[in-house]
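Single-structure report; data block below.
Quick note: numbers below take in every heavy atom, side chains included, and nothing from hydrogens, waters or symmetry partners.
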Amino acid sequence: MQKIAVRVGLLAAAMMMAAPAIAQPAIGCPPSPAASSDRQTRAWDSADLVIVAQVAERRTISLPGLPDAPQVSLAPMTWLKGQGSPWQFDLGATEMTTCGPLPGFDAIAGKVGDEFVIFVKGDDPAQKTIFETVNLKAMTEPRALAALKAQQ
């Protein structure tokens, strides 16, 4: 009887010690769409081009695994950092993950007329060069706000 209790005790101890190694951490989903002040600051520092753009059109397209992939056309309104062309550009979901459609830019979920600050690496806003979007109403980055105020 004592041997069984020792074995059960050892098995329980082994399972408790192995549990952290067996348990897989959840795959980290991107932060919520409203970028934090720190993320906004890092985005401003990293961006070559920062623009305010308005959602001009919303639509869905069909992609493998994502039959109703959201897409928006954005019309640049003003440049806060850098210079670029005034032409519209498209931004949309490209794949489905357990976290939802990616990229998780809040501009992709915007409605026609909503305005977003778009952060771009390079000099041309496009699906592959945009790395962050922030609803204009959620913008807190001081340099972006100062640039916006100077444009008014």
Side-chain angles (χ1 to χ4, degrees), residues 13-152:
M15 290 175 63
M16 287 187 344
M17 291 171 55
I22 294 170
Q24 296 293 318
I27 295 175
C29 293
S32 66
S36 70
S37 291
D38 288 343
R39 281 184 58 201
Q40 289 182 23
T41 298
R42 285 191 304 274
W44 180 270
D45 291 341
S46 299
D48 298 313
L49 179 65
V50 180
I51 60 175
V52 175
Q54 185 177 59
V55 176
E57 181 185 351
R58 277 195 63 71
R59 64 191 164 283
T60 58
I61 63 170
S62 184
L63 297 173
L66 191 57
D68 294 320
Q71 242 189 4
V72 293
S73 289
L74 295 154
M77 298 172 58
T78 191
W79 284 256
L80 304 180
K81 183 178 179 184
Q83 295 180 351
S85 73
W87 310 119
Q88 286 189 3
F89 56 94
D90 294 334
L91 189 60
T94 58
E95 65 180 302
M96 178 56 88
T97 69
T98 56
C99 297
L102 288 182
F105 300 142
D106 56 352
I108 295 172
K111 296 178 179 81
V112 171
D114 288 350
E115 297 176 353
F116 295 88
V117 178
I118 311 293
F119 296 89
V120 181
K121 195 68 176 161
D123 60 358
D124 186 29
Q127 183 78 36
K128 291 183 180 187
T129 60
I130 294 169
F131 65 91
E132 182 73 78
T133 70
V134 178
N135 189 301
L136 184 59
K137 295 175 184 174
M139 181 55 58
T140 59
E141 207 293 320
R143 293 166 293 178
L145 293 174
L148 185 60
K149 187 174 183 177
Q151 296 288 328
Q152 296 175 347

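Residues satisfying the side-chain contact (heavy atoms from CB on, under 4.5 Å) test with Thr60, not counting sequence neighbours, are Asp68. Legend: residues meeting side chain to side chain donor-acceptor pair (under 3.5 Å) with Thr78, ordered by chain and number and at least two apart, are Gln151. Contacts of Pro76 classified as side-chain contact (heavy atoms from CB on, under 4.5 Å), with partners at least two apart in sequence or in another chain: Ile51, Trp79, Phe89. Residues forming a side-chain contact (heavy atoms from CB on, under 4.5 Å) with Ala75 (at least two apart in sequence, or on another chain): Ala56, Gln88.
Minimum interatomic distance between Leu63 and Ala69 (heavy atoms only, all atoms of both residues): CD1-CB, 3.6 Å. Taking every heavy atom of both residues into account, Gly84 and Leu49 meet most closely at N-CD1, 4.3 Å. Pro103 approaches Ala93 most closely through the heavy-atom pair CD-CA, 4.1 Å. Closest approach of Val117 and Leu136 over heavy atoms only: CG2-CD1, 3.7 Å.
Sorted by first then second residue, the salt bridge (Lys or Arg N to Asp or Glu O under 4.0 Å) pairs that include residues 76-98, not counting sequence neighbours, are Arg59-Asp90.
Using modelled atom types, no side-chain atom of Arg58 and backbone atom of Ser73 make a donor-acceptor pair closer than 3.5 Å. Here the side chain of Thr133 pairs a donor or acceptor atom with the backbone of Ala107 at under 3.5 angstrom. The backbone N or O of Glu115 lies less than 3.5 Å from no partner atom in the side chain of Gln54, so there is not a single donor-acceptor pair. Between the Glu132 side chain and the Phe119 main chain, no donor and acceptor come within less than 3.5 Å of each other.
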Identify every side-chain donor-acceptor pair in residues 143-150 under 3.5 Å, counting partners at least two apart or on other chains, and give the distances.
{"residue": "Arg143", "atom": "NE", "partner": "Glu141", "partner atom": "OE2", "Å": "3.0"}
{"residue": "Arg143", "atom": "NH1", "partner": "Asp45", "partner atom": "OD1", "Å": "2.7"}
{"residue": "Arg143", "atom": "NH2", "partner": "Asp45", "partner atom": "OD1", "Å": "2.8"}
{"residue": "Arg143", "atom": "NH2", "partner": "Glu141", "partner atom": "OE2", "Å": "2.9"}

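With values rounded to the nearest 0.5 angstrom, Phe116 atom CZ is found 10.0 Å from Ile108 atom CD1. To the nearest 0.5 angstrom, Ile130 atom CD1 is 7.0 Å from Leu74 atom CG.
Counting only heavy atoms from C-beta outward, the side chains of Glu57 and Val72 never approach each other to under 4.5 Å. A 4.5 Å side-chain heavy-atom check between Ile118 and Phe105 finds every atom pair outside the cut-off.
For Asp123, the CG atom is loosely surrounded, since the number of other residues' heavy atoms within 6.0 Å does not exceed 12.
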